[in-house]
Each structure stands twice: as structure tokens, then as C-alpha cells.
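The block underneath contains the structure these notes are about, expressed in C-alpha cells.
Please read all numbers here as calculations on a predicted model, not as lab measurements. Residue numbers start from 1 in every chain, and the chains themselves are labelled A, B, ... in the order their sequence lines are given, proteins ahead of strands.
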Amino acid sequence: AQSVTQLDSHVSVSEGTPVLLRCNYSSSYSPSLFWYVQHPNKGLQLLLKYTSAATLVKGINGFEAEFKKSETSFHLTKPSAHMSDAAEYFCVVSDSTKAAGNKLTFGGGTRVLVKP
Amino acid sequence: EPEVTQTPSHQVTQMGQEVILRCVPISNHLYFYWYRQILGQKVEFLVSFYNNEISEKSEIFDDQFSVERPDGSNFTLKIRSTKLEDSAMYFCASRGGGQGVYEQYFGPGTRLTVT
């Protein structure tokens with residue numbers, strides 16, 4: 001079985017300072033990992049994905065994440081937060097070996113507040 | 001840019017009534033999914049659908065639930081007799097075909113309130 005733990009339910013940062021959202025996963029096979037973002041009253045938007053190529057993955061809006069197999073982690077970072085980054089962020093794992101099913105397992109989410 | 005759409009955005013229904021939640025996936029996608037998020041809880045997988053049949057379903061997806069792709073463009077989730085605990089945000093998602101990893105594209109969700 002696969003699972004995801006997001007270590008912080010809320011993160012508050014000042015505009016222009018770095019953002020770190022922590023994620024640990026559990027999987028019995030080589031996982032595919034994703035970060036999704038949800039802005040208020042909007043759908044879930046893909047920020048970035050890890051698919052066993054480069055361990056450092058760059059996504060949209062300046063976000064990146066590093067896959068560390070030894071630590072079973074996939075933390076999301078951004079060097080400088082912007083007011084528009086205020087949203088809820090979900091770390092997600094998938095079994096990439098199942099072509100038909102490929103269900104996503106979500107972490108509990110981290111709500112990011114950006115202070116001016 | 002193509003996107004997944006869902007209707008209605010908010011549905012209020014009485015306990016015991018049937019509801020149908022509608023989704024229009026991205027047009028060339030082959031795999032379709034429903035997820036739900038009860039307020040304050042995680043997003044949970046309900047069901048995946050491929051080649052006109054269910055490919056995987058969770059324990060939540062019992063006999064009260066069904067899915068259908070009636071006309072090659074819509075993808076629906078039916079709840080036959082709603083319960084209070086069915087109140088949640090329901091998300092539809094779709095993805096492209098073939099092997100490898102393809103991200104799932106999500107709709108904006110339907111908020112279902114059962115009274």
C-alpha cells in the first residue's frame with residue numbers, strides 16, 4: 001500500500017522569503033510523485049512530477065522538489081514566496097506500474113499563508 | 001488550454017435522493033477518475049474507468065455508487081440514495097493513454113451537500 005504524510009498542515013511565510021513544504025511517502029515499489037496546488041474555489045493544478053528521471057524536479061511558478069529515496073521524501077521549495085502562492089498544496093503518490101488504474105494517493109495538504 | 005469541467009458546482013439534495021454529478025474530461029484522454037474530499041479530510045480515490053469499464057475502485061465505492069460514460073464525452077458519477085456522510089467535494093480527473101506516467105488533470109469539483 002502507498003501513503004503520503006505532509007508534515008505541516010499550515011505554513012506561514014513572508015513575501016520574498018523561501019517556502020519549504022515537507023512530504024514523506026511510503027511505497028512498496030518505485031513511485032511516481034506529484035505536487036498539486038489548489039487555489040480557493042479552483043480545481044487541483046499540477047505543479048510538478050517526479051518520474052524516476054532527474055531527482056531534482058522543476059515545476060511551474062518557480063517551485064521545485066527533490067526526490068530523496070534514502071529519506072523517502074519529496075519536499076517542495078520555492079526561493080521567494082509571492083502573494084499569489086497562498087493556496088493549499090498536496091503531495092501525491094501514484095503506482096506508475098499500473099497503466100489502467102494509476103490511482104493517486106493524497107497527503108493531507110499544507111495550507112500556505114503569505115504575509116505582505 | 002483544454003480543461004476538465006464539472007457541473008453543477010454545488011448540489012444540495014435531501015437524504016435518500018439520487019444525484020448525478022457530471023464531468024466532461026479532456027477530449028483525447030482515455031482514463032477517468034472520481035475522487036472526493038470530505039471537509040477537513042484527505043482527498044480520497046473513489047474509482048477509475050478505462051475502456052468503458054471500471055478498472056479499480058475503493059472500499060468507499062459501494063453499490064450506491066455507479067459511473068458511466070454515456071455518450072463519449074460526459075463521465076458521470078451517480079449516487080443512488082444519498083446519505084449525510086456523502087456530503088463532500090467531488091473531483092473528476094482524466095489523463096492521457098499509454099504506458100508511463102501521465103499526470104491527471106482535475107476539474108474544479110462539485111460540492112455536494114446532503115441534508
Q | Distance (rounded to the nearest 0.5 Å) between K103(A) NZ and Y35(B) OH | A | 9.0 Å
Q | Residue that, paired with E103(B), satisfies side-chain contact (heavy atoms from CB on, under 4.5 Å) out of L48(A), V92(A), L46(A) | A | L46(A)
Q.
Just so I know, are the side chains of Q104(B) and Y36(A) near enough to count as touching, which here means a heavy-atom distance under 4.5 Å?
A. yes
Q. Do V43(B) and F90(A) have side chains that get closer than 4.5 Å, going by heavy atoms?
A. yes
**Q.** Other residues, nucleotides, ligands: >12 heavy atoms within 6.0 Å of E3(B) CD
**A.** no
Q. If you count the non-hydrogen atoms of other residues, nucleotides and ligands that lie under 6.0 Å from NZ in K57(B), is the total more than 12?
A. no
Q: Count the heavy atoms of every other residue, nucleotide or ligand shown that sit under 6.0 Å from CG of D71(B), and state whether that count exceeds 12.
A: yes
Q. Side chain, backbone, both or neither: which part of Q37(B) has a non-hydrogen atom closer than 4.5 Å to chain A?
A. side chain
Q. In terms of heavy-atom contacts, does CG of L39(B) have more than 12 from other residues, nucleotides or ligands at under 6.0 Å?
A. no
Q: For the residue pair F106(A) and Q41(B), establish whether any side-chain heavy-atom pair is separated by less than 4.5 Å.
A: no
Q. Do you know which of A93(B), P108(B), S9(B) has the most heavy-atom pairs with chain A at a distance under 4.5 angstrom?
A. P108(B)
**Q.** Residues, nucleotides or ligands: over 12 heavy atoms within 6.0 Å of Q14(B) CD
**A.** no
Q) For the atom pair CG (L104(A)) and CZ (F45(B)), what is the distance rounded to the nearest 0.5 Å? A) 9.0 Å
(Q) For R22(B), I'd like to know if atom CZ has over 12 heavy atoms of other residues, nucleotides or ligands within 6.0 Å. (A) no
Q: Please look at Q45(A) and chain B and tell me whether the side chain, the backbone, both or neither of the residue comes under 4.5 angstrom of a heavy atom of that chain.
A: neither
